[in-house]
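Step one of this worksheet: look at the structure below.
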Amino acid sequence: MTLLLIAALFLPLFPLSIVFNGALAQLRKPVAQCVLLLVWPQLGVALLTLASHAVPPYVVPWALLTAGFYALRLLTVRDMGQWAGVLATSALALTWALAAGGADRAELHAFAFWFSLPAALVALLAHPLARRFGAAYAGLQGGLIGSQPRLSGALTLTVLAAVATPPFPGFFALLNLLQKLDLSGAVGVLAIWLVWGWAATKLLQGFIFGAERAVASGDIGRISSLAYTGVLGVFVIAGLYLTGGGL
């Protein structure tokens, strides 16, 4: 049970999730936040699979409540780096429900990666926004689609990947999770998924759409834009291959 409790720090369950979000808040560099979002949950999966005890049944509703709480919290977050962390907390909590459903080690590692990579990329995109506008806050600078189409496109695709929109791997990972849950658990996950989509819409409205304002600098470079597109393209192909096209 000790390993399971420690794993709850890395695959965040409330209130232990405060540690993860506190650590993320202390990191001011988007690259550091990106690394933490990628590495932290993988450590949790490793601990979870090393534990001698199976995941107790009461952990599933605990995980769903954690995921639901942070999904609702996501609706009020405007800072992009914090938004990425809150979304990751909500999504990674669902790993416990997958583990309780009998998923193997590879499946758990993949599930954590499908949700942590897009969240890490969202956190990384906070850097060009903060450099241009002083802070990566939704609503601070609207109408980016007209003045910075490459940055807008990268942000839109990354956010859609983060909230498990098809054809990104998170979509198929959630479909797999739904098959392992009972009716009440599946309804809970669907509700959480819906709130993620709502939060993504609000975030994109705050950055991409709205009245265009004067900008201090130009769009991101073509190389950066191609790099993001390439990473997301490989992400989609790998997800389709490893999940068998979504069951």
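The shortest distance between side-chain heavy atoms of L190 and L178 falls below 4.5 Å. Contact annotation: the side chain of W83 never approaches that of R78 to less than 4.5 Å [non-hydrogen atoms, C-beta and beyond]. For the pair L4 and P56, the minimum side-chain heavy-atom distance is below 4.5 Å. Using a 4.5 Å heavy-atom threshold, the side chains of Y70 and S17 count as touching. Counting heavy atoms from C-beta outward, V159 and L125 have side chains that stay 4.5 Å or more apart. With a 4.5 Å cut-off on side-chain heavy atoms, L94 and F111 count as touching. At least one side-chain heavy atom of F20 sits less than 4.5 Å from a side-chain heavy atom of W40. The shortest distance between side-chain heavy atoms of L121 and L232 falls below 4.5 Å.
The heavy-atom pair separating A103 from L108 by the smallest distance is CB-CD2, 3.9 Å. V59 and L13 make their closest contact through CG1-CD1, 4.1 Å (heavy atoms, listed as atom of the first residue, atom of the second, distance). Here the shortest heavy-atom pairing between L38 and L117 reads CD2-CA, 3.7 Å. The two residues L204 and T156 come nearest to each other via the heavy atoms CD2-CA, 4.0 Å. Heavy-atom minimum distance, A84 versus A119: CB-O, 3.2 Å. Residues L37 and S116 share a closest heavy-atom pair of O-CB, 3.1 Å.
Ring pair F235/F113 is perpendicular by interplanar angle, where above 60° counts as perpendicular and below 30° as parallel.
Residue L203 holds its CG atom at 10.0 Å from CG of L87, rounded to the nearest 0.5 Å. For the atom pair NZ (K202) and OG1 (T76), the distance works out to 7.5 Å, reported to the nearest 0.5 Å. The distance from the CG atom of L124 to the NZ atom of K29 is 12.5 Å, given to the nearest 0.5 Å. Interatomic distance, L36 CG to Q26 CD, rounded to the nearest 0.5 Å: 11.5 Å.
By the rule that hydrophobic residues join a cluster once side-chain heavy atoms approach within less than 4.5 Å of another member, L155 and W198 end up as members of separate clusters. Linking ILVMFWY residues whenever their side-chain heavy atoms come closer than 4.5 Å, directly or via other members, leaves L3 and L92 in distinct clusters. Cluster membership check: W62 does not share its hydrophobic cluster with V187, using side-chain heavy-atom separations under 4.5 Å among Ile, Leu, Val, Met, Phe, Trp and Tyr. Hydrophobic clustering of Ile, Leu, Val, Met, Phe, Trp and Tyr side chains at less than 4.5 Å, counting indirect connections, keeps I192 apart from L65. Side-chain heavy atoms closer than 4.5 Å link hydrophobic residues (I, L, V, M, F, W, Y) into clusters, and following such links, possibly through other members, connects V236 to L160.
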Test side-chain contact (heavy atoms from CB on, under 4.5 Å) applied to F207 and M80, step by step: CA-CA 10 Å; F207 283 109; M80 185 179 292; 3.6 Å; yes
Full working for side-chain contact (heavy atoms from CB on, under 4.5 Å) between N176 and F172: CA-CA 6 Å; N176 182 38; F172 303 116; over 6 Å; no
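Sorted by first and then second residue, the side-chain hydrogen bond (donor to acceptor under 3.5 Å, both in side chains) pairs involving residues 88-98 (not counting sequence neighbours) are N21-T89, S90-W196.
In this structure, the side chain of Q82 does not engage the main chain of V77 through any donor-acceptor pair within 3.5 Å. Q33 places no side-chain N or O within donor-acceptor distance of the main-chain N or O of A120, the cut-off being under 3.5 Å. Remark: the backbone N or O of I208 is not paired with any side-chain donor or acceptor of S152 at under 3.5 angstrom. In this structure a side-chain-to-backbone donor-acceptor pair under 3.5 Å is missing from K180 to A97.
The ring pair (Phe, Tyr, Trp, His ring centres under 6.0 Å) test with F171 singles out one residue from W114, W193, F115, and that residue is W193.
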